[in-house]
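See below for the structure under consideration.
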There are 2 protein chains.
Amino acid sequence: MTANRIATLDDVARAAGVSRATASRVVTGQGPASPKARDRVAAAVAELGYVPDAAARALVTRGGTRLAVAVIGRTAAVLDDPYVGRALAAAATTAAEHEVGVSLHWLPLHEPASLARLAGSRGLGGLVVINPTRPALETVPRSLRGRVAAIGVGSRDVPSFDVDNRNGTDGVVRHLVRTGRSRIAMVTGPSWLPCGDRAVDAYRRVVRDSGGEVRVVPGDFTAARGAEAAVEIMARWPDTDAVFALSDLTALGVLDGLRGLGVDVPGDVAVAGFDDIPFAGLSRPALTTTTHPVEDIAAGAVRAVLGSRDISPVTFFSSTLVVRESA
Amino acid sequence: MTANRIATLDDVARAAGVSRATASRVVTGQGPASPKARDRVAAAVAELGYVPDAAARALVTRGGTRLAVAVIGRTAAVLDDPYVGRALAAAATTAAEHEVGVSLHWLPLHEPASLARLAGSRGLGGLVVINPTRPALETVPRSLRGRVAAIGVGSRDVPSFDVDNRNGTDGVVRHLVRTGRSRIAMVTGPSWLPCGDRAVDAYRRVVRDSGGEVRVVPGDFTAARGAEAAVEIMARWPDTDAVFALSDLTALGVLDGLRGLGVDVPGDVAVAGFDDIPFAGLSRPALTTTTHPVEDIAAGAVRAVLGSRDISPVTFFSSTLVVRESA
DNA sequence: GTGAAAGCGCTAACAA
DNA sequence: TTGTTAGCGCTTTCAC
């Protein structure tokens with residue numbers, strides 16, 4: 001064990017009895033190499049515990065050494081969203097496996113240039129965009145093509161990793177119908193967020209199929225807006241007996257607004273959320289919602305960016321209904 | 001504007017009419033340089049918008065290009081703590097200013113070697129340890145000295161950035177006393193966490209000063225444990241009229257446990273937490289707690305690691321009491 | 001105080 | 001299929 005010094009590619013090449021170039025080809029998997037060379041290099045790598053130096057590699061490939069996670073939103077407050085925190089933690093854990101670090105950025109909604117600026121900065125190995133808009137995705141320079149993934153809606157060049165909103169919403173609203181609710185309102189996400197459409201569609205369909213009336217009110221994923229929305233809903237359609245919000249935070253706010261109105265949950269009105277944030281189980285009544293593998297989603301996006309071999313354009317992750325007390 | 005290509009140090013040197021070596025000295029601030037050279041280089045840097053290439057620099061300095069955030073805890077679940085998420089987001093944002101990415105790691109409590117292993121991995125530019133133990137800090141190799149900071153307790157070699165637990169606790173408990181509570185119990189953090197001691201001390205002091213009895217029950221920062229602790233406390237000291245938990249999550253659990261017992265909050269028993277997590281304002285009753293500049297703390301630690309010039313060994317950040325409904 | 005030169009660890013032309 | 005060669009952009013001796 002001369003494990004004192006960290007092994008370099010030269011060490012590997014020497015141990016395998018090949019040139020550094022050949023060793024490099026085998027390690028990266030790019031370029032030709034005879035089976036024999038392949039084996040010997042692989043053995044040397046294993047024996048020496050060789051790990052490529054990310055800095056050196058980045059220097060020569062101009063590949064960058066950092067993965068940027070960018071969140072699009074109206075204000076920098078989007079970075080405080082629990083969903084973002086979870087996704088970031090998962091990204092930072094997954095990226096660590098590749099010896100890559102993650103940086104976090106807020107992209108102002110109405111400033112598409114900010115994405116381009118970020119994408120153009122040196123040292124960027126890849127980009128994961130959370131909640132992108134389609135126009136924003138268009139501004140990604142093609143120098144980054146193949147090293148961008150979206151959590152949310154994607155594009156032709158940008159593979160998408162996302163919750164199956166349609167299915168998730170379907171499950172929740174059906175649950176409400178099944179448990180006897182028939183006048184169901186929905187609080188949506190921000191209108192600029194394209195992936196919310198699928199959810200609204202699904203809601204519409206289920207409600208119509210069950211002979212109900214469509215009652216949609218806009219939201220913005222915040223709790224404060226949920227409380228307002230609850231008041232709005234009850235004023236506009238006083239006989240509402242269920243509210244579905246496309247965000248747990250908003251659903252929690254709805255709970256609050258309803259409480260202020262003296263409405264009993266779930267007695268008078270059922271409330272359901274979306275995402276199963278940690279607090280969902282802690283509210284009273286505990287929030288019925290639908291849970292999503294955010295960690296898997298983020299890990300998928302990161303691996304697509306860092307590994308990038310034949311990624312399918314859209315990967316959906318399914319929802320699981322979590323029935324607690326509120327619905 | 002030949003701003004097409006990103007400027008390198010060579011461009012700067014040429015523009016300033018000096019050698020690349022001199023330009024490097026000025027940019028890094030290391031080594032001698034005449035005032036004149038300094039000025040010319042600075043001007044060139046500004047004009048060309050020069051940003052050093054992190055990868056190239058890391059390659060030659062062996063400085064690494066990635067900042068690891070490591071959280072010590074009994075299980076990997078510590079990574080899900082909202083406090084960690086907030087700190088990570090702040091770290092990832094601050095590190096971005098230095099073109100550095102962040103990776104996230106869990107360090108098993110009883111496996112000190114894991115820290116050494118992480119610290120030894122190549123490509124590591126720095127290390128921020130959250131909630132370290134003193135023994136764990138001892139295992140940090142000195143090759144990383146000056147590039148490590150702690151959020152929590154520090155050591156002779158590792159500067160500490162932390163909430164002033166003593167002051168924070170003092171403020172909360174005094175508030176309880178001031179509002180007429182006299183039989184105050186405390187739910188602590190995990191016993192292995194050294195920085196909890198200061199809080200317990202402060203609690204003891206205030207309680208004794210006001211002629212009360214010390215009632216301490218161990219916690220672990222989870223909500224589940226809070227619920228249990230509430231039951232324990234009320235069984236052991238039935239006349240308890242206030243509970244202070246060193247974690248909001250735990251305080252939320254206490255709220256829950258008390259509710260199960262049919263105890264009215266704040267009528268019968270006041271409850272106060274610590275940290276002001278986002279959900280604190282959303283619980284019913286809304287949680288009285290004390291708020292901390294987690295973002296500033298994390299940013300401080302990151303800057304200490306990345307900038308590292310004369311950092312004071314301990315930096316305390318103060319708490320602010322947030323009075324809501326529960327106390 | 002300054003510049004010339006060497007080289008960090010790696011990949012990518014190019015020739016063999 | 002392989003090895004040789006030339007850098008990527010930067011810091012750092014070491015003479016001057």
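By convention in this document, chain letters (A, B, ...) are assigned in the order of the sequence lines, proteins followed by strands, and residues within each chain are numbered from 1. Note that the structure is a prediction, hence the values are computed from the model and not measured.
Each of B:Thr28 and A:Pro35 lies near DNA chain D, and the nucleotide nearest A:Pro35 is the one positioned closer to the 5' end. When each of B:Arg122 and B:Ser19 is assigned the nucleotide of DNA chain C bearing its nearest heavy atom, the one mapping closer to the 5' terminus is B:Ser19.
Remark: the backbone N or O of A:Ala89 is paired with a side-chain donor or acceptor of A:Thr93 at under 3.5 angstrom. Side chain of B:Arg156 to backbone of B:Pro313: no donor-acceptor contact under 3.5 angstrom is found. Between the side chain of B:Thr22 and the main chain of B:Val18, no donor-acceptor pair closer than 3.5 Å is present. In terms of modelled atom types and a separation under 3.5 Å, the side chain of A:Arg40 and the main chain of A:Ala16 share a donor-acceptor contact.
In this structure, the CZ atom of B:Arg20 is 10 Å from the P atom of D:dG9, given to the nearest Å. Residue B:Asp10 contributes atom CG, which lies 9 Å from atom P of D:dG9 at whole-angstrom precision. The interatomic distance linking B:Ile6 (CD1) with D:dC10 (P) rounds to 10 Å, in whole Å. If you measure from atom CG of A:Asp39 to atom P of D:dT1, you get 14 Å, rounded to the nearest angstrom. Here the P atom of nucleotide D:dT1 and the CZ atom of A:Arg25 are 11 Å apart, to the nearest Å. Residue B:Leu59 contributes atom CG, which lies 9 Å from atom C1' of D:dC8 at whole-angstrom precision. Here D:dT1 presents its C1' atom at 12 Å from NZ of A:Lys36, a figure rounded to the nearest Å.
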Query raised in the report: Under the side-chain contact (heavy atoms from CB on, under 4.5 Å) criterion, do B:Asp162 and B:Asp164 qualify, and how do the steps go?
Result: CA-CA 6 Å; B:Asp162 204 357; B:Asp164 189 342; over 6 Å; no
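Across all strands shown, A:Ala37 has heavy atoms under 4.0 Å from sugar-phosphate atoms exclusively, and none from any base. Using a 4.0 Å heavy-atom cutoff across all strands shown, A:Ala33 reaches sugar-phosphate atoms only and no base atom. Across all strands, B:Thr8 comes closer than 4.0 Å only to sugar-phosphate atoms, never to a base (heavy-atom distances).
OP1 or OP2 of D:dC8 has not a single side-chain nitrogen or oxygen of A:Thr61 nearer than 4.0 Å. In terms of phosphate contacts, A:Arg62 brings no side-chain nitrogen or oxygen within less than 4.0 Å of OP1 or OP2 of D:dC8.
Of all nucleotides in DNA chain C, those with any atom nearer than 4.0 Å to a heavy atom of chain B start and finish, going 5' to 3', at C:dG1 to C:dG9.
Within the 4.5 Å cutoff, the side chain of B:Val128 has heavy atoms near those of the B:Val305 side chain. Between A:Arg74 and A:His110, some side-chain heavy-atom pair lies under the 4.5 Å cut-off.
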